[in-house]
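The structure under discussion appears below in the form of structure tokens.
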Amino acid sequence: MEARADLSSQDEGSSCLIEGSPNGMAEHQSDLDTMRHSAAHVMAAAVLRLFPGTKLGVGPAIENRFYYDMEIPGGITPDDLPRIEEEMRRIVAENHPFERDEISIDDAIERFRQMDQDYKVELLRDLKERGTTRVGSFEDVDVDPSNSTTASLYKTGEFLDLCRGPHVASSTDIGAFKLLDISGAYWRGDQKRPQLQRIYGTTWPSQADLDQYLWRLEEAGKRDHRRLGRELDLFSVSEDVGPGLVLWHPKGAMVRLIVEEFSRAAHLRNGYEWVFSPHIGRAHLWETSGHLDFYKESMYAPMDIDGEDYYVKPMNCPFHIQIFRSHLRSYRDLPKRYAEFGTVYRYELSGVLHGLTRVRGFTQDDAHIFCRPDQASEEINQALDFSLFVLRSFGLTDFHAYLATRPTEKSVGEDEDWARAIDALRRAVEAHQIPYDVDEGGGAFYGPKIDLKVSDALGREWQLSTIQFDFNLPARFGLEFIGEDGRAHQPYMVHRALLGSMERFLGVLIEHYAGAFPFWMSPVQAVVLPIADRHAEFAGRVVQRLTDTGFRVHLDARRENLNHKIRDAQLQKIPYMLVVGDREAESGSVAVRTRAGENLGAIAMTDLLTRFRDELPEG
RNA sequence: GCCGGCGUAGCUCAGUGGCAGAGCAGCUGUUUCGUAAACAGCAGGCCGAGGGUUCGAAUCCCCCCGCCGGCUCCA
């Protein structure tokens with residue numbers, strides 16, 4: 001079985017199975033994009049043939065795939081996909097060249113108007129008026145933004161589409177394709193606009209590449225944390241408790257404890273002071289903080305306590321602020337860094353909930369730094385440094401940073417503060433040589449931020465760390481410190497979470513390691529397997545010795561044969577299997593097998609302890 | 001929340017209008033075994049909830065809940 005070979009290599013824990021492409025095609029990425037984009041055209045052509053009156057939205061190539069958004073009369077279901085594929089094959093067989101044509105925008109508007117392609121007409125009007133079809137972060141996929149006088153059209157057989165190209169030469173060149181899925185997508189990403197049907201497909205240069213991609217998708221699915229969470233008995237979500245609310249089972253809780261203990265110790269070593277705060281607070285607090293103005297839709301309904309409204313906290317900041325405010329602060333006291341594993345509850349739309357990575361109740365490794373403006377740069381640098389240290393300690397190395405700057409709409413704070421903060425963030429990212437993108441205007445209204453994201457098994461990006469300036473709360477709560485000049489000054493405030501939330505982080509970790517956690521994080525580090533009942537007593541002593549030394553070891557005393565016990569331990573991804581039979585009981589050793597499938601033979605207990613200790617991280 | 005799909009035993013799934021099934025897991029018994037599944041038996045179900053159509057509903061219809069893939073949003 002190939003699956004076995006794969007299991008044995010999971011210790012390597014590459015973060016994303018479907019990243020990149022099979023057979024070293026990466027260097028031809030743009031060719032692949034062209035092919036996929038062309039396939040989207042062929043797909044749209046097929047849908048138009050089968051469902052006359054279909055109105056086209058946009059149809060770009062995305063990573064490994066392509067899609068087209070369409071308004072299809074009567075709608076389609078996944079059952080229609082085979083028919084569409086069949087029609088696509090027919091169009092391919094007809095060997096239509098992709099022909100480019102350039103006409104004036106006004107002529108283009110007229111042509112698409114005649115074809116009743118309202119969405120294309122809207123795109124062209126935008127292009128004409130604003131020189132772009134961009135809406136917010138929505139990509140301009142169909143037109144050339146540098147050219148606002150003419151529009152380029154592509155014709156494939158009877159199918160005509162507004163498109164900036166480029167395309168493959170002929171419909172025969174779109175490769176080995178398969179339609180994958182169908183979903184809803186709002187026109188231009190706007191909930192208030194019509195919802196179109198989005199058809200996803202993928203295409204590759206050869207059938208072998210396609211097969212390999214589909215296989216990779218399947219393999220990626222096997223390391224989906226929701227599936228592993230059940231198979232490894234790590235966590236669950238109960239319908240009776242409620243969606244988006246996680247129950248941590250003993251093994252998952254053990255991993256979480258290990259993560260938390262590591263993180264807490266690291267914070268205490270790095271200049272943070274630990275604090276605790278309650279889960280609810282008076283309405284007044286949330287009025288002052290502004291959450292009831294700008295965050296209310298994410299907060300749960302208040303509860304009445306002695307005739308007064310209390311809210312469950314969606315954030316920890318107001319509490320940490322109260323701790324800061326409990327004394328008059330001197331400039332000599334700063335920075336103050338308050339850290340807490342704060343459990344917060346936020347209302348999330350039911351459709352977005354996802355395993356551990358998108359939930360309604362979660363625990364942040366939260367901290368708030370109160371500092372003087374002149375300390376900001378160093379604090380940011382340290383926070384990012386600390387963040388990278390913690391993430392790397394857990395084996396994550398492949399992240400992408402996003403620097404979010406001041407929004408164009410209303411925002412609070414002085415220009416000078418924003419500029420200084422953005423500069424500090426940018427220099428920190430650059431100093432740490434992390435690949436990053438600038439998300440212009442993507443900051444919160446109260447301050448700029450850096451986010452670190454990693455990708456999950458299915459290629460979806462999840463935010464872990466965030467480091468955000470806040471020019472709003474210090475003002476709202478009237479925070480101050482007494483400066484060297486004897487006068488009151490307003491401190492800078494930085495929110496930061498490194499792992500993000502315990503839930504999301506564990507979800508990402510489960511996938512990163514495909515459930516095969518490194519030895520030091522494994523909920524069960526070794527299982528002792530007696531061969532026959534007469535070895536149970538010696539096996540018990542082995543377990544006791546290892547447990548006394550601080551390792552997490554289980555005994556499998558079931559009346560099953562060795563093969564069965566090994567298989568079960570293997571499926572549970574337990575790092576070490578310690579077989580004890582007559583020979584081992586005799587010599588005071590254990591026969592060691594690793595989950596990678598290596599049989600290390602008999603090892604004396606003292607040597608095993610040394611080996612285990614060597615596998616723990618420094619300190 | 002919106003669009004689409006799906007909810008049958010703890011898990012994976014079969015069953016499309018006529019007596020609710022299989023494999024694994026569980027329990028009991030037998031087997032005491034050397035590196036990925038011993039053998040046999042037993043038990044296990046409000047077919048997600050509620051309502052409707054029908055002589056008869058897991059199956060058809062309505063509504064609700066949940067899950068999955070997206071959209072939008074974020075830790």
Side-chain angles (χ1 to χ4, degrees), chain A residues 1 3-4 7-8 67 69 75-80 136 180-200 224 226-227 230-231 233 236-240 242-244 297-298 314-315 342 344 346-359 361-366 444 451-453 458 460 462-466 468 495-505 507-508 529-536 559-571 577-584 591-595 597-602:
Chain A
M1 293 289 287
R4 287 186 190 160
L7 275 179
S8 65
Y67 67 79
D69 287 348
I76 59 166
T77 71
D79 294 339
D80 294 313
L180 298 171
D181 223 334
I182 182 168
S183 72
Y186 296 105
W187 171 236
R188 303 185 117 174
D190 185 346
Q191 282 193 42
K192 290 188 275 297
R193 307 295 306 271
Q195 190 164 39
L196 310 181
Q197 286 196 295
R198 174 172 296 179
I199 306 176
Y200 284 96
D224 188 314
R226 294 166 297 183
R227 174 181 180 146
R230 184 176 57 244
E231 290 174 355
D233 198 14
S236 64
V237 179
S238 158
E239 192 172 331
D240 290 330
E297 67 284 1
S298 294
M315 293 188 190
V344 297
R346 299 181 187 173
Y347 173 71
E348 297 287 349
L349 294 177
S350 61
V352 307
L353 299 175
H354 183 90
L356 292 177
T357 45
R358 193 68 190 276
V359 295
F362 56 97
T363 300
Q364 298 179 299
D365 61 329
D366 206 4
D451 291 332
L452 290 184
K453 303 189 181 186
L458 295 171
R460 290 173 290 219
W462 295 102
Q463 182 175 322
L464 297 180
S465 302
T466 184
Q468 328 186 177
H495 309 250
R496 44 105 292 183
L498 309 186
L499 307 177
S501 82
M502 292 303 162
E503 285 74 10
R504 177 174 295 178
F505 185 69
V508 169
L529 309 176
I531 288 174
D533 287 349
R534 65 177 177 279
H535 309 120
R559 285 166 61 93
E560 291 290 351
N561 62 37
L562 184 62
N563 278 340
H564 195 108
K565 293 179 181 180
I566 285 178
R567 177 182 152 82
D568 286 350
Q570 197 75 51
L571 292 175
M577 285 151 258
L578 310 176
V579 177
V580 301
D582 291 333
R583 301 199 292 269
E584 289 74 21
V592 179
R593 177 193 161 105
T594 69
R595 69 182 159 197
E598 311 160 89
N599 186 347
L600 304 179

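- Phosphate contact (OP1/OP2 of B/C68, side-chain N/O of A/His354, threshold under 4.0 Å): absent.
- Minimum interatomic distance between A/Gly75 and A/Gln197 (heavy atoms only, all atoms of both residues): CA-OE1, 3.4 Å.
- B/G18 sits 11 Å from B/U59 when the C1' atoms are compared, rounded to a whole Å.
- Going from the C1' atom of B/A20 to that of B/G70 covers 35 Å, rounded to whole Å.
- A side-chain donor-acceptor contact under 3.5 Å links A/Asp365 to the backbone of A/Gly500.
- For B/C71, the base has no donor-acceptor partner in the side chain of A/Arg198 [N/O atoms by modelled type, under 3.5 angstrom].
- Pair assignment for B/C11 gives B/G23, based on Watson-Crick or G-U wobble hydrogen-bonding distances that are each under 3.5 Å.
- One atom, CG of A/Leu349, and another, P of B/G70, lie 16 Å apart when rounded to the nearest Å.
- Per the geometry, CG belonging to A/Asp69 stands 10 Å off P belonging to B/C71, to the nearest Å.
- Residues passing the side-chain contact (heavy atoms from CB on, under 4.5 Å) test with A/Ser236 are A/Leu247, A/His249, sequence neighbours excluded.
- Spacing between B/G51 and B/C71 at atom C1', rounded to whole Å, works out to 32 Å.
- In this entry the distance linking NE2 of A/His564 with P of B/A37 reads 9 Å, nearest Å.
- Positionally, the nearest nucleotide of RNA chain B for A/Met577 lies more toward the 5' end than for the other of A/Tyr200 and A/Met577.
- Every residue two or more places apart in sequence or in another chain that forms a side-chain contact (heavy atoms from CB on, under 4.5 Å) with A/Asp190 is listed here: A/Lys192, A/Arg193.
- Atom C1' of B/G23 sits at a distance of 14 Å from the matching atom of B/G44, rounded to the whole Å.
- With P as the reference atom, B/A9 and B/A58 are 14 Å apart, rounded to whole Å.
- The partner of B/C6, taking Watson-Crick or G-U wobble pairs whose two distances both stay under 3.5 Å, is B/G66.
- Contacts of A/Thr466 classified as side chain to side chain donor-acceptor pair (under 3.5 Å), with partners at least two apart in sequence or in another chain: A/Asp451, A/Gln468.
- Residues meeting the side-chain contact (heavy atoms from CB on, under 4.5 Å) test with A/Ala185, sequence neighbours left out: A/Asp69, A/Arg198.
- Relative to the side chain of A/Arg583, the nucleotides B/A75, B/U35, B/G34 differ in distance, and B/G34 lies closest.
- Annotation: salt bridge (charged side-chain N to carboxylate O under 4.0 Å, His left out) contacts of A/Glu231 (sequence neighbours excluded): A/Arg227.
- For a distance-only test at 3.5 Å, the side chain of A/Glu348 qualifies as a donor-acceptor partner of the base of B/A75.
- The same atom, C1', is picked in B/A36 and in B/U28; the two are 26 Å apart, to the nearest Å.
- Comparing the same atom, P, in B/C64 and in B/G4 gives a spacing of 14 Å after rounding to whole Å.
- Summarising the geometry of A/Pro314 relative to A/Arg346, their closest heavy-atom pair is O-NE, 2.8 Å, with the distance given to 0.1 Å.
- A/Asn563 has a side-chain polar atom (N or O) that falls below the 4.0 Å cut-off from OP1 or OP2 of B/A36.
- Looking at residues two or more places apart in sequence or on another chain, you find no side chain to side chain donor-acceptor pair (under 3.5 Å) involving A/Ser501.
- With both ends at atom P, the span from B/G56 to B/C63 equals 23 Å, rounded to whole Å.
- In terms of position on RNA chain B, the residue among A/Val580 and A/Gly355 whose nearest nucleotide sits closer to the 5' end is A/Val580.
- Between the CD atom of A/Glu297 and the P atom of B/U72 there is a distance of 17 Å, given to the nearest Å.
- Scanning all heavy atoms of the two residues, the minimum distance from A/Val592 to A/Asn599 falls at O-OD1, 3.5 Å.
- The CD1-C1' distance, from A/Ile199 to B/C71, rounds to 15 Å in whole Å.
- Contact annotation: A/Arg534 side-chain N/O to B/C33 OP1/OP2 distance is under 4.0 Å.
- Pair assignment for B/U35: none, as no Watson-Crick or G-U wobble contacts are both less than 3.5 Å.
- Not a single donor-acceptor contact under 3.5 angstrom links the side-chain atoms of A/Arg496 to the base of B/A75.
- Residues satisfying the salt bridge (charged side-chain N to carboxylate O under 4.0 Å, His left out) criterion with A/Arg358, sequence neighbours excluded, are A/Glu348.
- Across every strand in view, B/A40 sits in a pair with B/U28 that passes the Watson-Crick or G-U test at under 3.5 angstrom.
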Set out, line by line, the N/O atom pairs under 3.5 Å between protein and nucleotides 7-13 of chain B.
residue : atom : partner  : partner atom : Å
B/C11   : O3'  : A/Arg230 : NE           : 3.4
B/U12   : OP1  : A/Arg230 : NH2          : 3.0

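- Between A/Leu353 atom CG and B/G69 atom C1' there is a gap of 14 Å when expressed in whole angstrom units.
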Distances under 3.5 Å between protein N/O atoms and the N/O atoms of nucleotides 26-31 of chain B, please, pair by pair.
residue : atom : partner  : partner atom : Å
B/U31   : O4   : A/Arg559 : NE           : 2.5
B/U31   : O4   : A/Arg559 : NH2          : 2.5

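- Phosphate contact (OP1/OP2 of B/C73, side-chain N/O of A/Tyr347, threshold under 4.0 Å): absent.
- For A/Arg193 against B/C71, no side-chain N or O and base N or O form a donor-acceptor pair under 3.5 Å.
- In a base pair of the Watson-Crick type (N1 to N3 plus N6-O4 or O6-N4) or a G-U wobble (N1-O2 and O6-N3), with each distance short of 3.5 Å, B/A57 is matched with no nucleotide.
- With sequence neighbours excluded, the residues satisfying side-chain contact (heavy atoms from CB on, under 4.5 Å) with A/Pro78 are A/Ile182.
- One finds a side-chain N or O of A/Asn561 lying less than 4.0 angstrom from the OP1 or OP2 phosphate oxygen of B/A38.
- A/Arg504 places a side-chain N or O within donor-acceptor distance of the main-chain N or O of A/Gln463, the cut-off being under 3.5 Å.
- Look at B/G1: its Watson-Crick or wobble partner, with both distances under 3.5 angstrom, is B/C71.
- Applying the ring pair (Phe, Tyr, Trp, His ring centres under 6.0 Å) criterion to A/His535, with sequence neighbours excluded, gives no partner residue.
- A/Asp80 contributes a side-chain N or O that, together with a main-chain N or O of A/Thr77, makes up a donor-acceptor pair within less than 3.5 Å.
- Stacking between A/Trp462 and the base of B/A75 is absent under the criterion of ring centres within 5.5 Å and planes under 30 degrees.
- Its glycosidic angle being within 90° of 0, B/U16 falls on the syn side.
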Name the pairs: protein N/O against N/O of nucleotides 2-6 of chain B, kept only if under 3.5 Å.
residue : atom : partner  : partner atom : Å
B/C2    : O4'  : A/Tyr186 : OH           : 3.4
B/C2    : O2'  : A/Gln195 : OE1          : 2.4
B/C2    : O2   : A/Tyr186 : OH           : 3.3
B/C2    : O2   : A/Gln195 : NE2          : 3.0
B/C3    : O4'  : A/Gln195 : OE1          : 2.4
B/C3    : O2   : A/Gly184 : N            : 3.1

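- Summarising the geometry, the separation between CH2 on A/Trp187 and C1' on B/G70 is reported as 17 Å, rounded to the nearest angstrom.
- For the pair A/Arg226 and B/G69, the criterion of a side-chain N or O lying under 4.0 Å from OP1 or OP2 is met.
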